[in-house]
**Student:** 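Encoded as structure tokens, here's the structure I'll be asking about.
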Amino acid sequence: TLRDCDAILFVLRADGVDPADDLATIEYELVLADLASVEQRLNKQQRLAKGDKSLLPEIAALEKALAALGDGTPVWRSDLSEDERAHLAPVFLLTNKPVLVVVDVPLDRIDETATIADGLGDGALGCCTEIEGDPDVVAAEGGERASLLADLGVTESVVPRLARAAYLMLGRRTFFTTGDKIGRAHV
């Protein structure tokens with residue numbers, strides 16, 4: 001389920017619609033879902049805390065999250081500390097997960113890609129699927145692909161940028177081990 005994932009990827013479009021409005025709508029829907037979960041967990045933990053004072057830090061984090069969510073602010077944009085966010089882990093909040101935003105910009109606005117992506121927050125990636133999906137670009141390899149993308153105004157394909165951003169966001173590292181007969185890459 002969505003609540004069990006490690007991160008969330010939003011893919012937005014910028015062809016005649018405002019991607020910032022779409023992002024705000026998606027965030028609001030997730031906030032509403034999390035608000036119900038936090039209220040339910042808070043009520044349960046407050047009842048249990050009468051006999052177990054070790055639940056007080058979680059209750060404090062839940063109350064702070066409830067205030068933020070009640071204002072329409074996702075947990076990832078709130079002022080909750082990392083410690084408080086860790087106390088929210090058992091609730092599996094959707095807005096407590098790391099988020100990566102990719103915006104698809106139409107070909108006629110390709111020169112605005114960076115501006116549109118920057119308007120969606122830190123780390124948002126802009127791309128043009130019309131270019132990325134072009135049969136000539138897809139079929140090309142190596143230097144030829146890079147040359148085709150450069151001719152169309154794209155410095156790097158979205159796939160490696162997305163992979164790097166996801167690795168960084170999730171704290172993943174790749175390391176290599178070698179033996180006498182075999183070498184392996186591990187994530």
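No hydrogens, no waters, no symmetry mates; every other heavy atom, side chains included, goes into these values.
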**Student:** For residues Glu39 and Leu42, determine if any side-chain heavy atom of one lies less than 4.5 Å from a side-chain heavy atom of the other.
**Tutor:** no
**Student:** If you count heavy atoms of other groups shown closer than 6.0 angstrom to CG of Asp180, is the number above 12?
**Tutor:**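 Counting neighbours around CG of Asp180, 12 or fewer heavy atoms of other residues, nucleotides or ligands fall under 6.0 Å, so no.
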**Student:** Rounded to the nearest 0.5 Å, what separates atom CD1 in Ile131 from atom CG in Asp136?
**Tutor:** 12.5 Å
**Student:** When rounded to the nearest 0.5 angstrom, what is the spacing between OG in Ser54 and CG in Leu48?
**Tutor:** 10.0 Å
**Student:** Specify the closest pair of heavy atoms between Glu130 and Leu107, including all atoms of both residues, with the distance to one decimal.
**Tutor:**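 Distance-wise, the nearest heavy atoms are OE2-N, 2.9 Å.
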**Student:** Go through it in stages, so that I can follow the logic: the residues are Ile110 and Val105, the test is side chain to side chain contact (heavy atoms under 4.5 Å, CB included), and I'd like the CA-CA distance, side-chain angles, deciding distance and then a yes or no.
**Tutor:** CA-CA 6 Å; Ile110 192 72; Val105 179; 5.5 Å; no
**Student:** Looking at Ile8 and Cys5, what are the two nearest heavy atoms and their distance?
**Tutor:**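 Smallest heavy-atom distance, with atoms named: CG1-SG, 4.1 Å.
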**Student:** Closest heavy-atom contact between Lys53 and Lys50?
**Tutor:**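 Taking every non-hydrogen atom into account, NZ-O, 4.2 Å.
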**Student:** Under 4.5 Å between any side-chain heavy atoms of Phe10 and Leu23, yes or no?
**Tutor:**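 Phe10 reaches Leu23 side chain to side chain.
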**Student:** Is there a side chain to side chain contact (heavy atoms under 4.5 Å, CB included) between Thr129 and Val158 once you walk through the steps?
**Tutor:** CA-CA 9 Å; Thr129 56; Val158 72; over 6 Å; no
**Student:** Less than 4.5 Å apart, any side-chain heavy atom of Ile26 and any of Leu12?
**Tutor:**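 They are in side-chain contact.
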**Student:** Would you say Val101 ends up clustered with Val31 if hydrophobic residues are merged whenever their side chains have heavy atoms under 4.5 Å apart, either directly or through other cluster members?
**Tutor:** no
**Student:** Under a 4.0 Å N-O cut-off, is there an ion pair linking Glu156 with Arg164?
**Tutor:**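 Yes, charged N to carboxylate O under 4.0 Å.
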**Student:** Hey, could you give me each pair passing salt bridge (charged side-chain N to carboxylate O under 4.0 Å, His left out) that has a residue in residues 27-36? Not counting sequence neighbours.
**Tutor:** Arg3-Asp34, Glu27-Arg77
**Student:** Considering non-hydrogen atoms only, spot the tightest contact between Cys127 and Val102 and give its length.
**Tutor:**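 Heavy-atom minimum between the residues: SG-CG1, 3.9 Å.
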**Student:** Could you report the tightest heavy-atom contact between Asp6 and Lys97, atom names first, then the distance?
**Tutor:** O-CB, 4.3 Å
**Student:** Answer whether the closest heavy-atom distance between the side chains of Leu69 and Leu66 falls below 4.5 Å.
**Tutor:** no
**Student:** Are any non-hydrogen side-chain atoms of Pro19 and Arg13 less than 4.5 angstrom apart?
**Tutor:** no
**Student:** Could you tell me if the side chain of Leu94 sits less than 4.5 Å from the side chain of Trp76, heavy atoms only?
**Tutor:** no
**Student:** So, Arg184 side chain and Thr177 main chain: donor-acceptor pair closer than 3.5 Å or not?
**Tutor:**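 No, Arg184 side chain to Thr177 backbone: no donor-acceptor pair under 3.5 Å.
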**Student:** Walk me through whether Asp134 and Leu148 qualify under side chain to side chain contact (heavy atoms under 4.5 Å, CB included).
**Tutor:** CA-CA 10 Å; Asp134 183 275; Leu148 280 172; over 6 Å; no
**Student:** To the nearest 0.5 Å, tell me how far Leu35 CG sits from Asp71 CG.
**Tutor:** 10.0 Å
**Student:** What are the two closest heavy atoms between Ala165 and Leu125, and how far apart are they?
**Tutor:** CB-CD1, 4.2 Å
**Student:** Tell me, do Leu88 and Glu58 make a side-chain contact under 4.5 Å, heavy atoms counted?
**Tutor:** no
**Student:** In this structure, would Leu2 and Val99 fall into the same cluster of hydrophobic residues linked by side-chain contacts under 4.5 Å?
**Tutor:**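 Looking at the clustering, Val99 is in the same group as Leu2.
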**Student:** Examine distances only and state if a side-chain atom of Gln45 and a backbone atom of Ile59 form a donor-acceptor pair shorter than 3.5 Å.
**Tutor:** no
**Student:** Between the side chains of Asp83 and Ser81, is a donor N or O closer than 3.5 angstrom to an acceptor N or O?
**Tutor:**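 The criterion, which ignores hydrogens and geometry beyond distance, is not satisfied for Ser81 and Asp83.
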**Student:** Would you give the length of the straight line joining atom CG of Leu62 to atom CG of Leu93, rounded to the nearest 0.5 angstrom?
**Tutor:**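 These two atoms lie 8.0 Å from each other.
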**Student:** The test is side chain to side chain contact (heavy atoms under 4.5 Å, CB included); show your working for Leu149 and Ser157 and say whether it passes.
**Tutor:** CA-CA 7 Å; Leu149 288 172; Ser157 177; 4.0 Å; yes
**Student:** Rounded to the nearest 0.5 Å, what separation is found between the OG1 atom of Thr73 and the OH atom of Tyr28?
**Tutor:** 11.5 Å
**Student:** Quick check: does any side chain N or O of Arg85 sit under 3.5 Å from a backbone N or O of Leu80, one acting as donor and the other as acceptor?
**Tutor:**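 Not at all, since once roles are kept as given, no pair shorter than 3.5 Å links the two residues.
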**Student:** Is any side-chain heavy atom of Leu152 closer than 4.5 Å to one of Val137?
**Tutor:** yes
**Student:** Does this structure show an ion pair linking Asp104 with Arg109, if we count only N-O contacts that are shorter than 4.0 Å?
**Tutor:**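 Salt bridge between Asp104 and Arg109, a charged N being under 4.0 Å from a carboxylate O: no.
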**Student:** Would a distance-only check, ignoring hydrogens and angles, find a side-chain to backbone donor-acceptor pair under 3.5 Å from Thr95 to Val75?
**Tutor:**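 Yes, because the side chain of Thr95 sits within donor-acceptor range (under 3.5 Å) of the backbone of Val75.
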**Student:** Hey, could you give me the CG/CD distance between Asp118 and Glu112, rounded to the nearest 0.5 Å?
**Tutor:** 12.5 Å
